[in-house]
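In what follows, a structure is listed as C-alpha coordinates, so that the remarks can point back to it.
Heavy atoms only: backbone and side chains are in, while hydrogens, waters and symmetry mates are out. None of these values were measured; they are calculated from a predicted model. For this chain, numbers begin at 1 and follow the sequence in order.
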Amino acid sequence: MRKSSAILLITALLWLPAALNGQLGGDNTYEFLNLPWSARGSVLGGTIISLADDDPSLLVCNPALAGSTMSGMLTLGYASYLAGISFGSVHYVHQHSGNTTLAAGLNWLSYGSFIEANEAGAITGSFRAAEYAINIAGSRKIDTIFAVGVNLKPILSQLESYTSVGFAVDIGGFVTSRDSTLTAGIVLRNIGMQLTTYAGETREKIPFEIQAGISKKLPHAPLRFSLTMRNLQKFNLTHDYDTIDFGGITGSTDADAGFTEKLLRHALFGIECLPHRNFWVGAGYNYQRRSELRIENGGAAVGFSWGFGLNISGFRLAFSRATYHMAGGTTQFSLSLNPGSIYRKITN
(Lines give C-alpha, C1' and ligand atoms only; values in the text may rest on other atoms or scores of the structure.)
Protein backbone atom coordinates (compact mmCIF):
# COMPACT_ATOMS: atom_id res chain seq x y z
CA MET A 1 0.00 0.00 0.00
CA ARG A 2 1.39 3.43 -0.96
CA LYS A 3 1.79 6.14 1.67
CA SER A 4 -0.96 8.19 0.02
CA SER A 5 -3.36 5.23 0.27
CA ALA A 6 -2.58 4.75 3.97
CA ILE A 7 -3.19 8.44 4.68
CA LEU A 8 -6.45 8.31 2.71
CA LEU A 9 -7.67 5.32 4.75
CA ILE A 10 -6.88 6.97 8.09
CA THR A 11 -8.54 10.22 6.94
CA ALA A 12 -11.69 8.29 6.00
CA LEU A 13 -11.78 6.61 9.40
CA LEU A 14 -11.40 9.96 11.14
CA TRP A 15 -14.57 11.17 9.40
CA LEU A 16 -16.48 8.07 10.48
CA PRO A 17 -17.61 9.50 13.86
CA ALA A 18 -20.00 11.85 12.08
CA ALA A 19 -22.10 8.84 11.09
CA LEU A 20 -22.17 7.18 14.51
CA ASN A 21 -24.13 7.78 17.69
CA GLY A 22 -22.25 8.56 20.90
CA GLN A 23 -21.99 6.19 23.83
CA LEU A 24 -20.41 7.20 27.13
CA GLY A 25 -20.05 6.12 30.73
CA GLY A 26 -23.28 5.51 32.61
CA ASP A 27 -25.01 4.14 29.51
CA ASN A 28 -22.95 0.97 29.08
CA THR A 29 -21.93 -2.27 30.70
CA TYR A 30 -18.36 -3.64 30.81
CA GLU A 31 -16.89 -0.18 31.50
CA PHE A 32 -13.77 -1.95 32.78
CA LEU A 33 -12.72 -2.32 29.13
CA ASN A 34 -11.71 1.36 29.20
CA LEU A 35 -9.21 1.05 32.05
CA PRO A 36 -5.59 2.06 31.28
CA TRP A 37 -4.25 -1.47 30.73
CA SER A 38 -0.81 -0.32 29.58
CA ALA A 39 1.50 1.35 32.12
CA ARG A 40 3.15 3.21 29.23
CA GLY A 41 -0.25 4.47 28.12
CA SER A 42 -1.15 5.45 31.68
CA VAL A 43 1.97 7.62 31.87
CA LEU A 44 0.90 9.46 28.71
CA GLY A 45 -2.57 10.40 29.92
CA GLY A 46 -4.44 7.09 29.90
CA THR A 47 -3.72 5.37 26.62
CA ILE A 48 -1.39 5.60 23.62
CA ILE A 49 -2.28 4.25 20.16
CA SER A 50 0.49 5.85 18.09
CA LEU A 51 3.61 4.46 19.74
CA ALA A 52 5.35 1.33 18.44
CA ASP A 53 7.67 -0.19 21.04
CA ASP A 54 8.70 -3.61 22.37
CA ASP A 55 5.84 -3.66 24.90
CA PRO A 56 3.08 -6.26 24.32
CA SER A 57 0.70 -4.36 26.63
CA LEU A 58 0.44 -1.68 23.92
CA LEU A 59 -1.55 -4.05 21.69
CA VAL A 60 -4.50 -3.60 24.08
CA CYS A 61 -4.41 0.08 23.15
CA ASN A 62 -4.06 -0.60 19.42
CA PRO A 63 -3.82 -4.15 17.97
CA ALA A 64 -1.92 -2.80 14.95
CA LEU A 65 1.06 -2.16 17.28
CA ALA A 66 1.71 -5.90 17.74
CA GLY A 67 4.82 -5.93 15.58
CA SER A 68 7.54 -8.46 14.92
CA THR A 69 9.96 -6.82 17.40
CA MET A 70 7.66 -8.05 20.19
CA SER A 71 7.85 -11.66 19.05
CA GLY A 72 8.51 -14.07 21.91
CA MET A 73 7.86 -11.41 24.55
CA LEU A 74 5.71 -11.85 27.64
CA THR A 75 4.27 -8.90 29.57
CA LEU A 76 2.81 -8.93 33.08
CA GLY A 77 0.94 -5.86 34.32
CA TYR A 78 -0.62 -4.86 37.63
CA ALA A 79 -2.34 -1.74 38.96
CA SER A 80 -3.49 -0.74 42.42
CA TYR A 81 -6.70 1.14 41.72
CA LEU A 82 -9.04 3.10 43.97
CA ALA A 83 -11.00 1.74 46.96
CA GLY A 84 -9.11 -1.55 47.13
CA ILE A 85 -9.82 -2.41 43.49
CA SER A 86 -7.00 -3.87 41.41
CA PHE A 87 -6.53 -4.90 37.81
CA GLY A 88 -3.87 -6.56 35.73
CA SER A 89 -2.99 -8.29 32.49
CA VAL A 90 -0.77 -10.89 30.88
CA HIS A 91 0.09 -11.00 27.16
CA TYR A 92 2.33 -13.02 24.89
CA VAL A 93 3.32 -12.21 21.29
CA HIS A 94 4.42 -14.57 18.53
CA GLN A 95 5.52 -13.73 14.99
CA HIS A 96 3.50 -16.02 12.74
CA SER A 97 5.16 -15.02 9.46
CA GLY A 98 7.23 -12.21 8.02
CA ASN A 99 4.37 -9.71 8.01
CA THR A 100 1.91 -11.25 10.47
CA THR A 101 2.16 -11.16 14.26
CA LEU A 102 -0.23 -12.92 16.65
CA ALA A 103 -0.82 -12.27 20.34
CA ALA A 104 -2.94 -13.63 23.17
CA GLY A 105 -3.61 -12.41 26.66
CA LEU A 106 -5.99 -11.75 29.50
CA ASN A 107 -7.16 -8.57 31.25
CA TRP A 108 -8.77 -8.92 34.67
CA LEU A 109 -10.36 -6.57 37.18
CA SER A 110 -11.01 -7.51 40.82
CA TYR A 111 -13.44 -5.45 42.88
CA GLY A 112 -12.31 -7.25 46.03
CA SER A 113 -14.34 -8.92 48.76
CA PHE A 114 -17.75 -7.70 49.98
CA ILE A 115 -19.80 -8.45 53.08
CA GLU A 116 -22.92 -10.47 52.29
CA ALA A 117 -26.07 -9.79 54.32
CA ASN A 118 -29.75 -10.70 54.11
CA GLU A 119 -32.71 -8.33 53.92
CA ALA A 120 -32.72 -8.01 57.71
CA GLY A 121 -29.11 -6.85 57.75
CA ALA A 122 -27.70 -10.03 59.27
CA ILE A 123 -24.26 -10.89 57.90
CA THR A 124 -24.33 -14.24 56.11
CA GLY A 125 -20.84 -14.37 54.65
CA SER A 126 -18.89 -12.65 51.89
CA PHE A 127 -18.67 -12.60 48.12
CA ARG A 128 -16.35 -11.33 45.39
CA ALA A 129 -16.80 -9.56 42.07
CA ALA A 130 -14.52 -9.62 39.05
CA GLU A 131 -14.50 -9.08 35.28
CA TYR A 132 -12.32 -10.59 32.56
CA ALA A 133 -11.53 -9.97 28.89
CA ILE A 134 -9.54 -12.41 26.76
CA ASN A 135 -7.45 -10.84 23.99
CA ILE A 136 -6.79 -12.72 20.75
CA ALA A 137 -5.01 -10.26 18.49
CA GLY A 138 -3.31 -10.23 15.14
CA SER A 139 -1.56 -7.55 13.11
CA ARG A 140 -0.26 -7.43 9.58
CA LYS A 141 2.19 -5.05 7.96
CA ILE A 142 0.78 -3.90 4.63
CA ASP A 143 4.10 -2.30 3.72
CA THR A 144 7.02 -0.68 5.53
CA ILE A 145 4.97 2.23 6.84
CA PHE A 146 1.44 0.90 7.37
CA ALA A 147 -0.04 -1.87 9.54
CA VAL A 148 -3.51 -3.01 10.53
CA GLY A 149 -4.66 -5.13 13.45
CA VAL A 150 -7.68 -6.84 15.00
CA ASN A 151 -8.29 -7.84 18.62
CA LEU A 152 -11.08 -10.32 19.47
CA LYS A 153 -12.30 -10.00 23.07
CA PRO A 154 -14.59 -12.54 24.74
CA ILE A 155 -15.84 -10.93 27.98
CA LEU A 156 -16.93 -12.44 31.30
CA SER A 157 -18.38 -10.40 34.17
CA GLN A 158 -19.20 -12.08 37.48
CA LEU A 159 -20.77 -9.97 40.23
CA GLU A 160 -21.63 -12.17 43.22
CA SER A 161 -23.88 -14.91 41.78
CA TYR A 162 -24.78 -12.90 38.66
CA THR A 163 -22.89 -13.54 35.44
CA SER A 164 -22.86 -11.82 32.07
CA VAL A 165 -21.03 -12.78 28.88
CA GLY A 166 -20.17 -10.48 25.98
CA PHE A 167 -17.99 -10.17 22.93
CA ALA A 168 -16.13 -7.21 21.41
CA VAL A 169 -13.69 -6.45 18.60
CA ASP A 170 -11.02 -3.76 18.29
CA ILE A 171 -9.87 -2.69 14.81
CA GLY A 172 -6.74 -0.55 14.52
CA GLY A 173 -4.43 1.06 12.02
CA PHE A 174 -0.90 2.39 12.40
CA VAL A 175 1.24 4.45 10.02
CA THR A 176 4.79 5.75 10.39
CA SER A 177 7.01 8.09 8.45
CA ARG A 178 10.05 6.70 6.64
CA ASP A 179 12.39 7.95 9.38
CA SER A 180 10.01 6.78 12.17
CA THR A 181 9.96 10.21 13.81
CA LEU A 182 6.26 10.73 13.06
CA THR A 183 3.70 8.01 13.83
CA ALA A 184 -0.09 7.93 13.91
CA GLY A 185 -2.81 5.48 14.83
CA ILE A 186 -6.55 5.05 14.82
CA VAL A 187 -8.68 2.50 16.69
CA LEU A 188 -12.33 1.49 16.70
CA ARG A 189 -12.69 -0.08 20.15
CA ASN A 190 -15.31 -2.37 21.63
CA ILE A 191 -17.42 -3.11 18.58
CA GLY A 192 -19.72 -5.81 19.94
CA MET A 193 -22.55 -6.62 22.28
CA GLN A 194 -23.62 -8.16 25.55
CA LEU A 195 -24.59 -11.75 24.77
CA THR A 196 -26.15 -12.75 28.10
CA THR A 197 -27.37 -10.41 30.82
CA TYR A 198 -26.96 -10.69 34.59
CA ALA A 199 -30.56 -11.45 35.52
CA GLY A 200 -32.57 -11.69 32.31
CA GLU A 201 -32.94 -7.93 31.86
CA THR A 202 -32.64 -6.05 28.58
CA ARG A 203 -29.20 -6.17 26.96
CA GLU A 204 -27.03 -3.12 27.63
CA LYS A 205 -24.66 -1.41 25.23
CA ILE A 206 -20.91 -1.84 25.60
CA PRO A 207 -18.56 1.19 25.58
CA PHE A 208 -17.84 1.65 21.87
CA GLU A 209 -15.20 4.30 21.23
CA ILE A 210 -13.17 5.78 18.39
CA GLN A 211 -9.65 7.02 19.10
CA ALA A 212 -7.02 8.71 16.95
CA GLY A 213 -3.51 9.74 17.93
CA ILE A 214 -0.20 11.07 16.70
CA SER A 215 3.34 11.03 18.12
CA LYS A 216 6.28 13.15 17.02
CA LYS A 217 9.91 12.57 18.01
CA LEU A 218 12.19 15.55 17.57
CA PRO A 219 15.03 14.71 15.14
CA HIS A 220 17.79 16.43 17.15
CA ALA A 221 16.53 16.18 20.72
CA PRO A 222 15.57 13.20 22.95
CA LEU A 223 11.94 14.28 23.19
CA ARG A 224 8.71 12.80 21.86
CA PHE A 225 5.29 14.45 22.04
CA SER A 226 1.98 12.59 21.77
CA LEU A 227 -1.62 13.64 21.33
CA THR A 228 -4.46 11.14 21.60
CA MET A 229 -8.09 12.04 20.95
CA ARG A 230 -10.71 9.83 22.60
CA ASN A 231 -14.47 9.36 22.14
CA LEU A 232 -14.50 10.84 18.65
CA GLN A 233 -17.91 9.28 18.08
CA LYS A 234 -19.45 12.07 20.17
CA PHE A 235 -18.27 15.66 20.26
CA ASN A 236 -19.93 16.92 23.44
CA LEU A 237 -18.57 15.03 26.45
CA THR A 238 -19.71 17.56 29.05
CA HIS A 239 -22.49 16.96 31.56
CA ASP A 240 -25.50 19.10 32.38
CA TYR A 241 -25.78 19.11 36.14
CA ASP A 242 -26.26 21.64 38.93
CA THR A 243 -23.41 22.99 41.03
CA ILE A 244 -23.38 21.22 44.38
CA ASP A 245 -21.86 22.46 47.63
CA PHE A 246 -20.30 19.69 49.71
CA GLY A 247 -19.66 21.34 53.06
CA GLY A 248 -17.96 24.37 51.54
CA ILE A 249 -16.25 22.42 48.73
CA THR A 250 -17.98 23.40 45.51
CA GLY A 251 -17.95 21.46 42.26
CA SER A 252 -18.32 23.13 38.88
CA THR A 253 -21.01 22.72 36.24
CA ASP A 254 -20.32 21.88 32.58
CA ALA A 255 -23.64 23.16 31.25
CA ASP A 256 -22.22 26.28 29.55
CA ALA A 257 -19.06 24.74 28.08
CA GLY A 258 -17.93 26.31 24.82
CA PHE A 259 -16.35 24.82 21.68
CA THR A 260 -12.78 24.84 23.02
CA GLU A 261 -13.80 23.19 26.29
CA LYS A 262 -15.70 20.46 24.44
CA LEU A 263 -12.77 19.85 22.10
CA LEU A 264 -10.23 19.57 24.93
CA ARG A 265 -12.39 17.00 26.72
CA HIS A 266 -11.24 14.50 24.06
CA ALA A 267 -7.53 15.18 24.44
CA LEU A 268 -4.73 13.27 26.17
CA PHE A 269 -1.34 14.98 26.09
CA GLY A 270 1.95 13.16 26.61
CA ILE A 271 5.65 13.96 26.57
CA GLU A 272 8.63 11.61 26.88
CA CYS A 273 12.32 12.22 27.40
CA LEU A 274 14.45 9.49 25.79
CA PRO A 275 18.05 10.13 26.87
CA HIS A 276 19.12 6.51 26.27
CA ARG A 277 17.64 3.48 24.52
CA ASN A 278 17.45 1.71 27.91
CA PHE A 279 15.65 4.50 29.78
CA TRP A 280 12.73 6.86 29.31
CA VAL A 281 10.74 9.17 31.54
CA GLY A 282 7.40 10.71 30.69
CA ALA A 283 4.38 12.69 31.84
CA GLY A 284 0.81 13.10 30.68
CA TYR A 285 -2.31 15.19 31.10
CA ASN A 286 -5.92 14.00 30.82
CA TYR A 287 -8.15 17.05 30.42
CA GLN A 288 -11.43 15.17 30.79
CA ARG A 289 -10.30 13.46 34.00
CA ARG A 290 -9.25 16.77 35.49
CA SER A 291 -12.45 18.54 34.43
CA GLU A 292 -14.70 15.91 35.98
CA LEU A 293 -12.81 15.01 39.17
CA ARG A 294 -11.03 18.15 40.31
CA ILE A 295 -12.71 20.36 42.92
CA GLU A 296 -12.09 24.06 43.39
CA ASN A 297 -10.44 23.85 46.79
CA GLY A 298 -8.13 20.90 46.17
CA GLY A 299 -6.71 18.33 43.82
CA ALA A 300 -4.13 20.42 41.99
CA ALA A 301 -2.51 17.28 40.48
CA VAL A 302 -5.76 15.70 39.26
CA GLY A 303 -5.49 14.72 35.60
CA PHE A 304 -1.71 14.56 35.60
CA SER A 305 0.37 11.38 35.36
CA TRP A 306 4.05 10.51 35.25
CA GLY A 307 6.31 7.49 35.05
CA PHE A 308 9.46 5.93 33.68
CA GLY A 309 10.77 2.85 31.95
CA LEU A 310 13.96 0.78 32.22
CA ASN A 311 15.49 -1.89 29.99
CA ILE A 312 17.95 -3.94 32.04
CA SER A 313 19.41 -7.25 30.83
CA GLY A 314 16.42 -7.97 28.63
CA PHE A 315 13.83 -7.02 31.27
CA ARG A 316 11.66 -4.02 30.38
CA LEU A 317 10.00 -2.33 33.36
CA ALA A 318 7.43 0.48 33.10
CA PHE A 319 6.03 2.37 36.10
CA SER A 320 3.26 4.96 36.20
CA ARG A 321 1.48 7.09 38.76
CA ALA A 322 -1.78 8.84 37.84
CA THR A 323 -3.81 11.20 40.05
CA TYR A 324 -7.57 10.79 39.73
CA HIS A 325 -8.79 12.75 42.74
CA MET A 326 -7.51 14.62 45.78
CA ALA A 327 -8.31 11.40 47.70
CA GLY A 328 -5.76 9.40 45.73
CA GLY A 329 -4.63 7.89 42.45
CA THR A 330 -3.35 4.72 40.88
CA THR A 331 0.05 3.06 40.80
CA GLN A 332 0.74 0.77 37.87
CA PHE A 333 3.64 -1.20 36.51
CA SER A 334 4.40 -3.72 33.78
CA LEU A 335 7.26 -6.15 33.29
CA SER A 336 8.16 -7.39 29.81
CA LEU A 337 10.66 -10.14 29.06
CA ASN A 338 11.59 -12.73 26.48
CA PRO A 339 11.51 -16.17 28.19
CA GLY A 340 13.25 -17.85 25.25
CA SER A 341 16.11 -15.38 25.27
CA ILE A 342 16.56 -15.71 29.03
CA TYR A 343 16.59 -19.52 28.77
CA ARG A 344 19.28 -19.42 26.08
CA LYS A 345 21.43 -17.12 28.22
CA ILE A 346 21.12 -19.48 31.21
CA THR A 347 21.89 -22.63 29.23
CA ASN A 348 24.87 -21.04 27.47
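Taking both residues in full, the closest heavy atoms of L82 and G329 are given as CD2-O, 3.6 Å, listed atom of the first, atom of the second, then distance. Residues A64 and V148 share a closest heavy-atom pair of CB-C, 3.8 Å.
Within the cation-pi definition used here (under 6.0 Å to the ring centroid, within 45° of the axis), R40 qualifies as a partner of W280.
Of the possible donor and acceptor atoms, one in the side chain of S71 sits under 3.5 Å from a partner among the backbone N and O of Q95. The main-chain N or O of G149 is never found under 3.5 Å from a side-chain atom of S139 such that the two would form a donor-acceptor pair. In this structure a side-chain-to-backbone donor-acceptor pair under 3.5 Å is present from N286 to G45. Side chain of N62 to backbone of I49: a donor-acceptor contact under 3.5 angstrom is found. Between the side chain of H266 and the main chain of N231, a donor-acceptor pair closer than 3.5 Å is present.
Between K234 and E209, no side-chain nitrogen of the basic residue sits less than 4.0 Å from a carboxylate oxygen of the acidic one, so the salt-bridge criterion is not met. Using a 4.0 Å cut-off between charged nitrogen and carboxylate oxygen, D55 and R316 do not count as a salt-bridge pair.
Ring orientation note: the planes of Y81 and Y324 are nearly perpendicular, at an angle over 60° on the 30°/60° scale.
Proximity of S89 to Y78: side-chain heavy atoms (C-beta onward) are nowhere separated by under 4.5 Å.
Environment of OH in Y162: sparse, with no more than 12 heavy atoms of neighbouring residues, nucleotides or ligands closer than 6.0 Å.
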